[in-house]
Amino acid sequence: MDKYLADLHIGSRSEVKEKIRQGLVKVNGQVVKDPGFAVSSADTVECGGAELSYREHFYYMLNKPAGLLSATEDARQQTVLDLFPKELRKGLSPVGRLDKDTVGLLLITDDGKLAHRLLSPAHHVDKTYLVRTDAAIVPEDAECFAAGMSLSDGTRLQPAVLEIDAEDPRQARITIREGKYHQIKRMFAARGKEVVGLKRLSMGGLKLDPALPEGAWRELTEDELELLLRS
Ligand code: URA
């Protein structure tokens with residue numbers, strides 16, 4: 001039972017053992033105080049009055065704030081996982097990396113298979129960003145990105161779509177398929193422009209919830225997970 005509850009991110013093994021001993025856990029309506037009790041996914045389990053449904057994996061949408069690393073841990077700097085309470089962190093990792101100063105959509109999950117598929121270069125998941133630059137973006141930039149450009153170190157890139165904001169030419173939406181190191185910053189640098197703001201808006205079919213403030217996270221809805229699995 002204690003492993004079952006810990007796997008559902010109710011708390012650490014010792015925390016859930018304590019809850020069980022306190023009589024907070026019921027199986028099929030009966031209080032069970034033995035942490036070693038054998039429970040299966042067919043049982044109805046309640047903890048503190050709330051019914052728990054068994055699931056294999058956890059999927060969270062984070063609106064990444066600036067200043068945090070897209071990593072699980074770091075000796076000196078804060079990571080995106082520091083935004084999650086300890087009892088939820090088990091097995092979680094960000095899917096891909098956003099730069100420390102980039103904000104916006106970051107998927108956090110313990111589903112390694114899905115993460116691998118979404119990041120696989122062969123899979124080509126579109127990622128759309130809102131970008132702000134220090135100088136006006138011009139149609140020639142869009143043409144260059146659409147043709148598939150080379151970075152200063154010779155890296156060839158796949159075509160990318162750039163839509164310049166009609167009201168503010170220093171702002172655009174850019175959609176890329178790869179996720180090379182500092183890719184968008186290097187693309188604009190190759191055009192003589194500096195990126196001064198970058199926010200990821202979507203990844204495959206998954207869109208950043210506009211109601212989610214920077215630094216906040218929530219579980220994906222079933223529909224969102226479905227969209228992502230189909231991406
Ligand atoms: N491209 C960048 O340059 N930085 C990011 O964080 C994501 C894409």
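All residue numbers refer to positions in the sequence shown, counting from 1. Indexing begins at 1, ligand by ligand and atom by atom, following the structure's order.
- Comment: R170 does not engage D134 in a salt bridge, judged by the lack of any side-chain N to carboxylate O separation of less than 4.0 angstrom.
- Qualifying salt bridge (Lys or Arg N to Asp or Glu O under 4.0 Å) partners for R173, counting only residues two or more places apart in sequence or in other chains: none.
- Salt-bridge annotation for D7 and K90: present, with a side-chain N of the basic residue lying under 4.0 Å from a carboxylate O of the acidic one.
- The pair R218-D209 meets the salt-bridge criterion, with a side-chain N (NZ, NE, NH1 or NH2) lying under 4.0 Å from an Asp/Glu carboxylate O.
- Nearest heavy-atom pair, D43 versus N28, reported as atom, atom and distance to 0.1 Å: OD1-ND2, 3.0 Å.
- Checked against the 6.0 Å centroid threshold, F58 and F84 do not count as a close aromatic pair.
- Protein residues having a heavy atom under 4.0 Å from any atom of ligand 1 are L98, D99, T102, Y129, H182, Q183, I184, K185, L198, listed by chain and number.
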